A.B. asks: 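Okay, here's the structure, questions in a sec.
Keep in mind that this is a model prediction, so the values were computed, not measured.
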Amino acid sequence: MEGIVLRRIDYGESDQIIKLFLKETGNISAIAKGIKRSKKRFPHRLEPFRVYDFTLRKRKPGQSLYLIQSADQIRDFEEIKEDIRKIALGNFILEILLIAVKESHPHPELYDFVLKTFRNLSESEGIFPLWFYVAIHVMGFLGFSPNFETCLKCKKPLQKTEKNLFNPARGGLVCQQCATLSKTDKTSVTSEALGVLQFLKKASFPAVPRIKLSSQTRTEIASLLTNFITYHLERPLKTLPFLQEVLLKKK
Amino acid sequence: MAFYLLHAPDSYSDALAEAIHAVKKELKLCARCFNLADAELCAICRNPKRDPHVICVVEDTKDLIAIEQTGAFQGLYHVLHGQLDPLQGVGPEKLKIEELVLRLRDEPVKEVILATNPDANGTATALYLQRRLKPFDVKITRLAQGIPVGGDIEYVDTQTLGASLKQRTEF
């Protein structure tokens, strides 16, 4: 079964419990017995940002933990592991999948999207637009697609010239007129950020890395999407502080 | 061990108890490199024969011991006490990275060897350190990856063999 590694936890002297995202069955937990010692069964350590063909079997009927009998590597996105910014973004994606994809719920379209993301991440230098693009679309696959086109209240198309406000809970914006009546929608969105968000929502991968963003817009969109994701996943993401440090902090 | 102690003389179990107590009471971290120490500085940092111009950065003390056993390194160490693990929320602030930065500022270091593990998190840690230490005028190197001594190319895994080709040295 084709899949990727989301997280590994050491178990005993030489075993690991591994959370996998499989194309056919979604997330599952599996044990890799003797992975730290057996070069015969596992010629490579199982690592993130690689695609494997796993041979799995249930340990006992009724148990949720699978046994990994073998894992043949199909693809290695090794360029991700050569750039700390790409590693940070890759981990951010893995964490969303860990939290939001339920055990044994197939998500083949999301799986294909994640592989496309890894390919683009390994080949591209435009990290910021890719970060925002992936955040918008992964959340969409999980049922939280944000709306950047029309006002949440009056349903009229948003005007970039107006002061629109973002509501993370409802995943959209309210126009200037409706905002005067609202007390909850407080994050104002600049016209540049709104234009970028609208473009990213409709764009396909090849167009994404070419977008140029000012540092102000980067910070604004990062904050807006972070609030949106954190709200809907109902917890702060552990990978975000590191992602923000390597991408937003100037060294 | 319990059965062995039952038959051993009392002096043996007393000595063992004292040794265990001493480990907890007397062992601390070296104020300079964060290796285990029985004084303010560890035995390696106290040794005047060690080369203060080279620092080997390791994830934990067990890695330091492994490198010491090679006898091939005469410089000083810096123990990070872990590796970056973003998925577990382990960021740079939880490792001894700022302490390393201060050492580069205050000590006559010419080379930093990044001896973190060659797995995903160890590589991330090395890449982060490379970025963090870039402003200093020091040579930054990383342990080579390749075919084990006495190994057989036919049986070496593809990633290690690929790495050994990329990192081949002039002969």
A.B. asks: Might you confirm whether atom CD of A/Glu24 has over 12 heavy atoms from other residues, nucleotides or ligands at distances under 6.0 Å?
C.D. replies: no
A.B. asks: Looking only at heavy atoms and a cut-off of under 4.5 Å, which of A/Leu237, A/Asn91, A/Ile80, A/Asp76 has the most pairs with chain B?
C.D. replies: A/Asn91
A.B. asks: Got more than 12 heavy atoms from elsewhere within 6.0 Å of OH, A/Tyr11?
C.D. replies: no
A.B. asks: Check whether more than 12 heavy atoms from other residues, nucleotides or ligands sit under 6.0 Å from atom NZ of A/Lys58, and answer yes or no.
C.D. replies: yes
A.B. asks: Can you tell me which portion of A/Glu82 sits under 4.5 Å from chain B's heavy atoms? Options are side chain, backbone, both or neither.
C.D. replies: both
A.B. asks: Give, as side chain, backbone, both or neither, the part of B/Gln88 having an atom under 4.5 angstrom from any heavy atom of chain A.
C.D. replies: both
A.B. asks: Taking the side chain as C-beta and beyond, is there a heavy-atom pair between B/Leu127 and A/Asp83 under 4.5 Å?
C.D. replies: no
A.B. asks: Counting heavy-atom pairs under 4.5 Å with chain A, which one of B/Thr123, B/Asp119, B/Val90, B/Asp85 comes out on top?
C.D. replies: B/Asp119
A.B. asks: How long is the gap from CG on B/Leu84 to CD1 on A/Ile87, to the nearest 0.5 Å?
C.D. replies: 9.0 Å
A.B. asks: Crowded around B/Leu6 CG? As in, over 12 foreign heavy atoms under 6.0 Å?
C.D. replies: yes
A.B. asks: Where does A/Pro241 contact chain B at under 4.5 Å (heavy atoms): side chain, backbone, both or neither?
C.D. replies: neither
A.B. asks: Counting heavy-atom pairs under 4.5 Å to chain B, which of A/Lys81, A/Glu47, A/Gln73 comes out on top?
C.D. replies: A/Glu47
A.B. asks: Counting neighbours of CG on B/Asp152 that are heavy atoms of other residues, nucleotides or ligands and sit closer than 6.0 Å, is the number greater than 12?
C.D. replies: yes
A.B. asks: Check A/Glu245 against B/Pro92 and note the closest heavy-atom contact, atom names and distance.
C.D. replies: OE1-CG, 3.8 Å
A.B. asks: For B/Glu111, is the CD atom crowded, meaning more than 12 foreign heavy atoms sit under 6.0 Å from it?
C.D. replies: yes
A.B. asks: Could you tell me if the side chain of B/Pro86 sits less than 4.5 Å from the side chain of A/Phe92, heavy atoms only?
C.D. replies: no
A.B. asks: Is it the case that atom NZ in A/Lys201 sees more than 12 heavy atoms from other parts of the structure closer than 6.0 Å?
C.D. replies: yes
A.B. asks: Under a 4.5 Å cut-off applied to non-hydrogen side-chain atoms, are B/Arg131 and A/Val246 in contact?
C.D. replies: yes
A.B. asks: Can you confirm whether more than 12 heavy atoms, excluding those of B/Lys139, are under 6.0 Å from its NZ atom?
C.D. replies: no
